[in-house]
Amino acid sequence: MRNDGHPDLEQPVEPEHDSSEFAPGSDSVPTPVDPSYDERLATFERDIEDLKAEWEPFLADHVPEAPQTRSVRELEEFDFRSERASDRQDFDLVLEGEGDWERVALPDYRGPVGDWTGFYRTEFDYDTPAADRVYLRFEAVDYVATVYLNGRCVATHEGFFAPFEVDVTDHLRETGNRLLVEVENKVPIDPGGPDAPDYDGEKLFADAGLGWDDPEIGWHQHTAGAGIRGAVTLEERPSVHVADAFVRTCSDGAVEARIEVRNATDEPIDTDIDLTVYPRNFDGDPVDCGVHSTATADPGGNEYRIRLNADPLRGWSPDKPWMYALRIDLPGDGRPVDTYDVDFGVRRLEMETDGTPKGRLSLDGEPLALRGANCPEHLAKAAFDGEEDQIVEDLLIAKYANANFLRLTQRPLPEVVYEYCDRLGLLTQTDLPLSGGLRRGKFVQGVDQAAEMERLIRGHPSAAMVSFVNEPQGTEPRGLEHRRLDREEFGRFVDAATAAVRLRNPDRIVKPGSGSVYPLASWLPPVEGLPDFHTYTMWYYGGHLGPLHAGELPTVTKRGWMTGVGEYGAEGLDSLELMRSRYPDDWLPADPDDSWAPDRIAQCQTYEQHVLWYDEPDTLSGWIEASQRHQARMVRTMTDAFRRRADRVVSIAVYFLIDAWPAGWMKALVDANRTPKRGYFALKDSFKPRRVNLRTDRGSLYAGETAEIDAWLLNDRPTPLEDYEIRVSVRMNGDELERYVASTVGVDGVASERSAVLRFEIPEVTDREAVHVDAGLYDADGALVDSEREIVEAFARPDPSDAVAVKFLGDEPPTFSEAGIEVSMYDGGTFETLLVESPAAFERYREAVLEGVADGGRAIFLPTGGEGEWELDGTTVSTRPVAGFELTEPHHEEMPEFESGLPFVARNEDEPETAAFERDDFGFWYNGEADRRDLLTDTVLEGDDLVSLLYTWETDGSDAADTAKRSGSKTRLPVVARRAHGDGSLVFCELRLDGRVGNEPVLDRFLRALVTTSV
């Protein structure tokens, strides 16, 4: 339970590994098969069809038809109109059907976002019911529903996902029944999106809405519309009937049915319960579990808990999701009074709370790793549209990517989705639709909805865990302390919601909050349950990528606990085919070869965020390819990093799998046409359950240096890998140079292990060449299980005889010998090239420096770390921090803060200093002092007449950035720039050099180009 004060934050340290070194080997490793993106696309549809055939038996129905004890009538069409001012003075106008109405078929969902009221109205006749009672049932109404039948208010309900029903037997008549459903939409508690009001509303709704067919608003997230989003039915039942039931697997392995019997009379009634278990998706004999005498059913609801004598039953697992149906009969005179079927799977999912670390998961006693993706909208939309085949296909797209887990992001989904997850073996996390925090006046409503959520999902073996809030955040920094629960109050809400959930299902695993917003400390108090973080390293910021790649996790908010990774992602633009077929014309270029930028796409982030990661393409196809390549790199880099930390990471969910609408939220790995992007195949590769994984911090080395590459075993299966072997072939230009082997390696079930370290000498090259390190994982029988390729780049060392002599102005000359630059102190006079340490040093020799440059020399001003300002003949060149990428201050001083800055800068290929370099050369260089990849700079230059050599772009929301977004061209911000002065030039360099010079060959070559290039 909750402790006083802040939780004991922890920065989980990577455990020590007993890593041996590779030995010289005799066996060659086959070149890893690496099909192209186009080749993988070509086989994708066929592979999904094969997967459908493979899983079709699990969708079969072998349960005999039940006796008909109920009849159901669906009300499919209604008239709709919005509320008018006059309706508030005379509500009878609405009840009588006055005004202009639009005929709609259910389900119906519509905008706009915000406060509005609409009415759904229908008239129907109803013959005298054959059963005792008639219930009016709503599958889901969004958001506040007030139900009137024949002028009488018969029900109210708040929420958008939960079914509700009301006994209307006494309100029906044979002819002319008038049903009116008043639907009120509300501003969400945490509104978002371009058309959202700028205040905290009352609706429990997070980012994931159904959307509607509108490119500017409806296609995107934050679409908090409203409507009747599920079926409306009239169901006849006996007075004593089964209202709900679910089946659980107890800690001792017994199977228990919890059955709610409703007595709709005003008298206690004795009833028995007859139970039979049928195999649902396989052939088998039914199991008669007998007739059970129960306590008298008093008026209202009665819950009976009955252990089933049905041993043994097949277990449910993601690989073999065998399902059963429990048939519940309330016996009558020769035939059942009521019959109710409920599906179940036999499995025991548990979270360890006593071990070290706490929070490990197990399925039927075997360790379990959850690997998957977020699914915010596409499954909900498929259910809304009645496209069950699409639900099946989407779930198989997840399984094809080696996923066993879906986070049903920020909302419960219609029950049909859980039914197919049950049949196809996908575990799920279901989120209460709450983001950021909770209004004080909605405390009870939040607890009620948590209870409704659990009641909806509790019978499904696929339902693994629940969460109560997405990205919990404090009130004070947002100025919401007068409206929202504070930290301590929110802790009480989580406690209450957990209690409400556990009352309905004592086995439920709770993740109280999905995602502390990394790098912020979690505002969520230290309550019961599994911690979780979100991190958008490789999209919104890059300062943590080097530490993450080296094995350092973000701060976990509960010391000694495993953690989930609830979100990580980056945008990849939709396919060209989807854009051409579904995008508005004004989003696209008239000619495919025309200059184009993605700022035309509504709510697209790529145009601004790419500046951290890759150069700016010019054409539509160029942007698609560049964005998708970065997304794939993000998926592989981050997923592998999390898998290597299996000692602390128990669940992984990339954000996200499939888009519901074109351009909806392009972090999706599969677009709305179900075309996979490159990132999808990267996820499939990274989620392969048993893998060899190669990792190095240094990807570029000089000939003669020793490369060091870690070889990891990643095992997501519960069975250990024993007596395996890793073989390595080192290749260059197709020739095999070296062979290595690490014998008798292994790893526990659901674990990772750095099994061996490969060290080899980089071969001689004439310029620069790719060196391929190919690893193969072989089992004890010598069969190849997995292979992987790591590429390092070999560079020729500068010839010492060609060293360039330069002068240095400052206190301590740098060592640039690795770059072929010999540095000596400057004591005045002329020079060809002068390195200037600081503005202060420049001021000491200001006139001499400017005179030497005017006579044809070159002065290079070394990085200042943001403290630079140079006065130059009446004009100024200065530095400033990179705007737009600083990370928000942590909420708690115990939380470490990672640096902000630029992991990548672009080169001006038209300038002689940079023309010889490649497009991606200036990104995430190795820092030898930190022994990891690091940022290039956190500083840019300002001044007149600067020619950018290396640069980033203005994207910080300033007037200049806004103008650039509208015009389609961003302002360049120099990181390294040249300025003419007389016959020479002044060069200002804000690249970080410490730990990089001599360790990053591209930087060394660039420095040499700066000192040798004359313009």
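Please read all numbers here as calculations on a predicted model, not as lab measurements.
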[X] versus [Y], closest heavy-atom pair with distance:
{"X": "Pro318", "Y": "Leu427", "result": "CG-CD1, 4.2 Å"}
{"X": "Leu530", "Y": "Met351", "result": "CB-SD, 3.8 Å"}
{"X": "Arg121", "Y": "Leu180", "result": "CB-CD1, 3.8 Å"}
{"X": "Ala66", "Y": "Thr339", "result": "CB-CG2, 3.8 Å"}
{"X": "Cys153", "Y": "Thr146", "result": "SG-CG2, 3.8 Å"}
{"X": "Val240", "Y": "Val261", "result": "CG1-CG1, 3.7 Å"}

Hey, is [X] close enough to [Y] for a salt bridge, meaning N to O under 4.0 Å?
{"X": "Glu83", "Y": "Arg81", "value": "no"}
{"X": "Asp431", "Y": "Arg411", "value": "no"}
{"X": "Arg305", "Y": "Glu256", "value": "no"}
{"X": "Arg504", "Y": "Glu303", "value": "no"}
{"X": "Lys203", "Y": "Asp142", "value": "yes"}
{"X": "Asp190", "Y": "Arg484", "value": "yes"}
{"X": "Glu139", "Y": "Arg137", "value": "no"}
{"X": "Arg347", "Y": "Asp364", "value": "no"}
{"X": "Asp495", "Y": "Arg492", "value": "no"}
{"X": "Arg110", "Y": "Glu102", "value": "yes"}
{"X": "Arg178", "Y": "Glu123", "value": "no"}
{"X": "Arg262", "Y": "Glu165", "value": "yes"}
{"X": "Asp61", "Y": "Arg280", "value": "yes"}
{"X": "Asp507", "Y": "Arg248", "value": "yes"}

Would Leu413 and Glu377 count as a side-chain contact (heavy atoms from CB on, under 4.5 Å) if you check the C-alpha gap in whole Å, the side-chain angles of each, and the deciding distance to 0.1 Å?
CA-CA 9 Å; Leu413 294 188; Glu377 294 174 335; over 6 Å; no

Any [X] side-chain heavy atom under 4.5 Å of [Y] side chain:
{"X": "Cys250", "Y": "Arg307", "answer": "yes"}
{"X": "Asp343", "Y": "Val63", "answer": "no"}
{"X": "Thr233", "Y": "Leu75", "answer": "no"}
{"X": "Phe493", "Y": "Leu434", "answer": "yes"}
{"X": "Pro107", "Y": "Ile228", "answer": "no"}
{"X": "Asn281", "Y": "Pro57", "answer": "no"}
{"X": "Cys421", "Y": "Pro321", "answer": "no"}
{"X": "Glu528", "Y": "Thr498", "answer": "yes"}

Are the side chain of [X] and the backbone of [Y] linked by a donor-acceptor contact shorter than 3.5 Å?
{"X": "Thr294", "Y": "Thr271", "result": "yes"}
{"X": "Asp422", "Y": "Ser462", "result": "yes"}
{"X": "Thr249", "Y": "Val346", "result": "no"}
{"X": "Thr223", "Y": "Gly211", "result": "yes"}

If the condition is side chain to side chain donor-acceptor pair (under 3.5 Å), which residues does Glu236 pass it with, not counting sequence neighbours?
Ser71, Tyr126

Centroid separation under 6.0 Å, is that true for the rings of Phe161 and Phe205?
no

Would you please classify the geometry between the [Y] ring and the [X] ring as parallel, tilted or perpendicular, with 30° and 60° separating the classes?
{"X": "Phe164", "Y": "His157", "answer": "parallel"}
{"X": "Trp101", "Y": "Phe119", "answer": "tilted"}
{"X": "Tyr109", "Y": "Trp212", "answer": "tilted"}
{"X": "Phe91", "Y": "Tyr148", "answer": "tilted"}

Determine, step by step, whether Lys442 and Glu158 satisfy the salt bridge (charged side-chain N to carboxylate O under 4.0 Å, His left out) criterion, reporting the C-alpha distance in whole Å, the side-chain angles of both residues, the deciding distance to 0.1 Å, and the verdict.
CA-CA 11 Å; Lys442 290 299 176 181; Glu158 180 172 343; 2.9 Å; yes

Go through the steps to decide whether Phe344 and Tyr324 satisfy the test ring pair (Phe, Tyr, Trp, His ring centres under 6.0 Å), and finish with yes or no.
CA-CA 5 Å; Phe344 70 97; Tyr324 291 90; 5.6 Å; yes

Does [atom1] belonging to [X] count more than 12 external heavy atoms closer than 6.0 Å?
{"X": "Glu65", "atom1": "CD", "answer": "no"}
{"X": "Asp125", "atom1": "CG", "answer": "yes"}
{"X": "Arg152", "atom1": "CZ", "answer": "no"}
{"X": "Asp272", "atom1": "CG", "answer": "yes"}
{"X": "Asp252", "atom1": "CG", "answer": "yes"}
{"X": "Glu74", "atom1": "CD", "answer": "yes"}
{"X": "Asp100", "atom1": "CG", "answer": "no"}

Looking just at side-chain N and O atoms, do [X] and [Y] make a donor-acceptor pair shorter than 3.5 Å?
{"X": "Asn150", "Y": "His171", "answer": "no"}
{"X": "His460", "Y": "Glu415", "answer": "yes"}
{"X": "Tyr143", "Y": "Glu184", "answer": "no"}
{"X": "Asp338", "Y": "Thr69", "answer": "yes"}

Inter-residue atom distance Leu406.CG - Thr409.OG1, 0.5 Å rounding:
8.5 Å

Could you grab the distance from atom OH of Tyr278 to atom CG of Asp285, nearest 0.5 Å is fine?
11.0 Å

Going through the distances and angles, do Leu59 and Tyr420 end up as a side-chain contact (heavy atoms from CB on, under 4.5 Å)?
CA-CA 8 Å; Leu59 300 177; Tyr420 280 110; 3.9 Å; yes

Kindly indicate whether a cation-pi arrangement holds for Arg314 with Phe282, taking the cut-offs as under 6.0 Å to the six-membered ring centre and within 45° of the axis.
yes

Establish, yes or no, whether the cationic atom of Arg237 lies under 6.0 Å from the six-membered ring centre of Tyr135 and within 45° of the ring axis.
yes

Evaluate side-chain contact (heavy atoms from CB on, under 4.5 Å) for Trp316 paired with Met323, printing each intermediate quantity in order.
CA-CA 7 Å; Trp316 183 98; Met323 293 292 295; 3.6 Å; yes

When you look at Thr428 and Phe405, which way does the side-chain contact (heavy atoms from CB on, under 4.5 Å) test go after all the steps?
CA-CA 5 Å; Thr428 62; Phe405 171 65; 5.7 Å; no

